[in-house]
Amino acid sequence: MSIKQNLNHIKSTLPKHVTLVAVSKTKPVNYLMEAYNAGQRVFGENKIQEMAEKHDVMPKDIEWHMIGHVQSNKVKYMASFVKLIHGVDNFKLLEEINKQAKKHDRVIDCLLQIKIAEEDSKFGMTTMEAFNILKSEAFSQLKNIQVVGVMGMATFTEDENQIKKEFTLLKTTFDDLKSHESFNFKPETISMGMSGDYALAIDCGSTMIRVGSSIFGERK
Ligand SMILES: *Cc1c(COP(=O)(O)O)cnc(C)c1O
């Protein structure tokens with residue numbers, strides 16, 4: 001199937017409240033343009049430099065999402081254009097994003113990455129750490145970022161019950177954090193679900209799925 005057919009197929013299965021992020025990491029610009037020409041406007045990348053290079057040459061009405069692990073010293077390379085940063089897992093990083101966003105007179109949307117997987121290889125903070133950030137005085141000073149929800153990655157396993165348990169944990173975390181809504185915490189997004197598990201993620205409350213290989217084909 002073509003990229004366009006893959007996209008149309010996936011979109012036909014999605015409820016209206018779910019946003020599809022087309023994860024285009026490692027794929028060439030002509031693949032992304034095929035998705036763009038099929039109507040896709042939200043793209044996700046996991047390396048800042050690759051995202052910046054693609055941003056430079058592609059149409060300007062695209063929403064660029066950073067879905068990978070972010071190093072503080074590289075935030076400056078995306079601060080002028082990034083729409084949403086999914087993987088924010090510590091307060092220092094929020095401060096750096098705020099600082100760089102301010103230079104461009106922007107407010108950058110962020111998701112707090114919550115550790116839901118049992119495996120140690122996945123990044124993320126605990127619910128308690130997220131709570132402590134959101135209610136802190138220091139967080140309330142950050143005028144150039146807005147936390148709009150949470151993101152999580154399930155354990156890499158075939159065990160659907162395990163994945164379901166982890167997705168449910170992220171949904172519960174989101175619901176618990178909601179009571180701390182403030183001027184720069186506007187909870188509306190739960191980013192969970194990838195090619196192999198997005199249907200299950202939506203059943204568990206996902207509002208944003210990050211799908212790569214089911215659109216663009218397997219990565220090497
Ligand atoms: C690569 C990646 C995806 C997409 O994975 P697929 O299995 O290709 O859909 C989603 N989320 C993150 C954080 C990724 O790094």
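Just the heavy atoms: all of them, side chains too, but no hydrogens, waters or symmetry mates, feed the values below. Residues take their numbers from the sequence shown, with the count starting at 1. Both counts, for ligands and for their atoms, begin at 1 and track the order of listing.
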Handout entry: With C204, the side chain to side chain contact (heavy atoms under 4.5 Å, CB included) member among K165, K164, E166
Key = K164
Practice task
May I ask whether R219 has any heavy atom positioned less than 4.0 angstrom from an atom of ligand 1?
Solution key: yes
Exercise for the section: Pick whichever of K47, M153, R210 has a heavy atom sitting closest to atom 11 (N) of ligand 1. Expected result: R210
Problem - Best match, I209, V23, I67: closest heavy atom to atom 12 (C) of ligand 1 - result: I67
Exercise for the section: Side-chain contact test, heavy atoms from C-beta onward, threshold under 4.5 Å: evaluate it for I209 versus V18 and give yes or no. Expected result: yes
Exercise for the section: Could you tell me whether the side chain of R41 reaches within less than 4.5 Å of the side chain of D61, counting heavy atoms only? Expected result: yes
Report yes if some N/O of [X] lies less than 3.5 Å from some N/O of ligand 1; otherwise report no.
{"X": "K25", "result": "yes"}
{"X": "M194", "result": "no"}
{"X": "N46", "result": "no"}

Practice task
Mark yes when over 12 heavy atoms from residues, nucleotides or ligands other than D105 sit less than 6.0 Å from its CG; otherwise mark no.
Solution key: no
Problem - Atoms of ligand 1 close to G212 [distance to a heavy atom under 4.0 angstrom, numbered from 1] - result: 4 (C), 6 (P), 8 (O), 9 (O)
Fill in the blank from the handout: The atoms of ligand 1 lying under 4.0 Å from a heavy atom of V211, numbered in the order shown, are 9 (O)
Exercise for the section: State the OG-CD distance between S72 and Q100, to the nearest 0.5 angstrom. Expected result: 9.5 Å
Exercise for the section: Quick one: pull up OG1 in T207 and CD in E188 and give me the separation to the nearest 0.5 Å. Expected result: 8.0 Å
Exercise for the section: Please confirm whether the backbone N or O of A117 pairs with a side-chain atom of K115, one donor and one acceptor, at under 3.5 Å? Expected result: yes
Fill in the blank from the handout: min-distance protein heavy atom vs atom 9 (O) of ligand 1 -> S195 OG, 2.5 Å
